[in-house]
Amino acid sequence: MSQPAATSANTAKASEKTMFNILFIIGLCHLLNDAIQSVIPAMFPILEKSMGLSFTQLGIIAFSLNMVSSVLQPVVGVVTDKKPMPYALPIGLTLTLGGVLGLAFAPSFGLIVFSVIFIGLGSAVFHPEGSRVAYMAAGKRRGLAQSIYQVGGNTGQALAPLITALILVPLGQRGASWFTIVAAIAVLLLIYIANWYNKRLASELPYIKKKNKSPAKKVGLSKSVKRALLVIILIIFVRSWYISGMTNFYAFYAIEEYSFSIKESQLFLFVFLIAGAFGTFFGGPIADRFGKKKVIAVSMLATAPFSLLIPFVPSAIAFILLPVASFILMASFSVTVVFAQELVPGKIGTMSGLTVGLAFGMGAIGSVGLGYIADLFSLSSMVSSLGFLPLLGLIAFMLPSDQVVRKWNQEN
């Protein structure tokens with residue numbers, strides 16, 4: 001066997017092998033990154049009391065974080081699809097570290113918004129490239145790989161209530177400074193990941209050059225693919241508004257309706273978020289076996305009975321229904337990312353930036369909109385209306401089947 005042929009064979013074998021060590025490290029970095037982001041909504045009860053902020057102002061803070069991240073994620077994805085940037089990963093987390101320092105010591109609403117913008121920038125850089133690392137390390141198990149990566153982020157988000165109860169309640173706003181240590185650990189781990197990523201790119205370079213030299217007709221996205229992407233975007237919109245409403249405002253609802261303390265309300269939010277992390281993990285392997293479209297459709301519709309009941313039941317029953325609804329709904333999270341990546345193969349960063357970034361963006365818009373509704377009407381009315389959102393998941397049945405998507409890829 002000639003040298004180029006041997007290189008191509010070795011590259012192909014490497015691409016088929018699932019690199020669990022890399023997946024677990026990038027998943028851990030995702031956990032650390034999103035735990036830092038979770039400090040912001042976790043601080044809402046603290047900031048509301050210490051600065052006298054309204055629900056609308058709290059929504060603006062969440063909007064600033066998530067909108068910066070969501071707008072830039074697809075941009076970063078497009079750029080890195082053309083020219084991968086392994087060392088953008090530790091650089092992004094360094095920006096986040098600076099934002100955390102600013103958040104801890106910001107004396108005014110304006111400076112808090114300025115600080116969270118830096119955290120949003122770091123997240124915008126991390127997510128598309130982190131998803132690309134998961135894709136590169138996946139081998140043939142893309143659903144499982146994306147679940148390992150995404151469950152890290154959702155677990156980080158689930159830590160927000162514990163962060164509030166154990167750190168922010170006793171230490172206040174300054175307690176956020178402890179997360180500079182978390183950011184520093186993430187930067188060190190991402191330097192290791194960036195080195196692996198760089199070596200992998202170098203090993204694949206001859207194969208990529210050979211592929212680029214071969215004649216290939218460039219075609220745009222078909223109408224069918226565009227329609228499928230639109231349905232995915234609408235599903236992300238629905239899911240993100242529901243999760244955003246519960247994450248940012250359910251703690252206030254529990255305090256108001258059940259006369260809970262801040263610590264007690266954070267426990268309810270914790271079970272909701274940690275169950276979502278488990279749902280994210282199990283959704284990928286289930287989709288690998290039974291199909292992505294089925295998991296997305298069932299996940300959305302099966303959530304509706306529980307989401308509708310949650311605002312109208314006693315606290316003990318709500319404590320049971322919250323994790324059930326979250327587990328089922330978030331089972332579709334990583335699956336929608338992989339579905340979009342397979343709809344448009346070769347655009348891993350772009351599709352990751354679009355789907356995950358869009359989730360942040362829709363959550364950002366939802367934060368402001370839902371906060372305004374709560375101020376205008378009542379917190380109870382807003383939370384009650386959230387329960388109807390998963391019913392819009394009926395549109396998932398408009399998605400093409402997994403077999404059809406594979407056929408499209410073969411034809412192109």
Side-chain angles (χ1 to χ4, degrees), residues 15 26 29-30 33-34 37 65-96 117-138 142 145-146 149-150 153 190 193-194 197-198 200-201 204-205 207-209 211-212 216-237 240 333-334 336-365 405 408-409 412:
S15 66
I26 196 66
C29 291
H30 199 182
N33 178 83
D34 284 25
Q37 279 190 263
L65 169 72
N66 294 334
M67 187 52 71
V68 168
S69 175
S70 67
V71 168
L72 289 181
Q73 275 194 52
V75 175
V76 173
V78 169
V79 171
T80 55
D81 276 337
K82 294 177 180 178
K83 183 177 177 58
M85 300 177 184
Y87 292 96
L89 287 163
I91 291 170
L93 258 292
T94 303
L95 290 174
T96 297
I117 286 172
F118 272 87
I119 297 174
L121 285 170
S123 179
V125 173
F126 172 82
H127 281 99
E129 284 297 85
S131 187
R132 188 191 306 279
V133 168
Y135 189 92
M136 292 171 68
R142 292 178 185 171
Q146 197 63 222
Y149 170 66
Q150 297 294 352
L190 287 173
I193 288 289
Y197 183 174
N198 198 42
R200 183 67 174 263
L201 286 177
E204 292 179 352
L205 190 59
Y207 174 76
I208 293 170
K209 285 182 177 178
K211 186 178 178 182
N212 290 340
K217 57 179 182 179
K218 292 186 178 180
V219 295
L221 298 181
S222 68
K223 289 183 179 179
S224 298
V225 170
K226 288 178 181 178
R227 281 196 295 267
L229 281 174
L230 179 60
V231 173
I232 286 289
I233 287 168
L234 291 173
I235 289 168
I236 292 170
F237 176 90
S240 298
F333 188 86
S334 62
T336 52
V337 178
V338 177
F339 196 96
Q341 289 174 341
E342 293 185 355
L343 275 173
V344 190
K347 300 292 182 182
I348 304 306
T350 303
M351 288 300 103
S352 174
L354 179 66
T355 52
V356 180
L358 194 64
F360 281 111
M362 291 303 100
I365 296 169
V405 173
W408 289 347
N409 289 342
N412 294 320

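One-based numbering along the sequence shown.
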Task: Gln150 versus Ser334, closest heavy-atom pair with distance - done: CG-CB, 3.8 Å
- [ ] Check Gln37 against Ser123 and note the closest heavy-atom contact, atom names and distance.
- [x] OE1-OG, 3.0 Å
Task: Pro90: which of Val125, Ile193, Leu190 passes side-chain contact (heavy atoms from CB on, under 4.5 Å) - done: Leu190
Task: Candidate pair Met85 and Val79, rule side chain to side chain contact (heavy atoms under 4.5 Å, CB included), full reasoning - done: CA-CA 9 Å; Met85 300 177 184; Val79 171; 3.6 Å; yes
- [ ] Kindly assign one of parallel, tilted or perpendicular to the pair His30 and Tyr149, based on the angle between their ring planes and the thresholds 30° and 60°.
- [x] parallel
- [ ] Quick one: pull up SG in Cys29 and CG in Leu89 and give me the separation to the nearest 0.5 Å.
- [x] 8.0 Å
Task: Rounded distance (nearest 0.5 Å) linking atom CD1 of Ile91 with atom CG of Leu121 - done: 13.0 Å
Task: Check: Pro84 main-chain N/O paired with Arg132 side-chain donor or acceptor under 3.5 Å - done: no
- [ ] Please report the closest heavy-atom contact between Met136 and Tyr197, naming both atoms and the distance.
- [x] SD-CE2, 3.7 Å
- [ ] Over all heavy atoms of both residues, which pair between Gly120 and Val68 is shortest? Give the atoms and the distance, please.
- [x] C-CG1, 3.9 Å
Task: Minimum heavy-atom distance between Gln146 and Ser131, given as atom pair plus value - done: OE1-OG, 3.3 Å
Task: Between CZ on residue Phe118 and OG1 on residue Thr96, distance to nearest 0.5 Å - done: 10.5 Å
Task: Any side-chain heavy-atom pair of Leu229 and Met351 under 4.5 Å - done: yes
Task: Minimum heavy-atom distance Tyr135-Gln341, with the two atoms named - done: CD1-OE1, 3.7 Å
- [ ] Find out whether Tyr87 and Asn198 are in side-chain contact, i.e. whether some heavy atom of one side chain is under 4.5 Å from a heavy atom of the other.
- [x] yes
Open item on the list: Quick check for you: to the nearest 0.5 Å, what is the distance between Phe126 atom CZ and Leu95 atom CG?
Closed with: 13.5 Å
Open item on the list: Quick one: does any side-chain atom of Ser240 pair with a main-chain N or O of Phe237 as donor and acceptor, under 3.5 Å?
Closed with: no
Open item on the list: Any heavy-atom pair between the side chains of His127 and Asn33 that's under 4.5 Å?
Closed with: yes
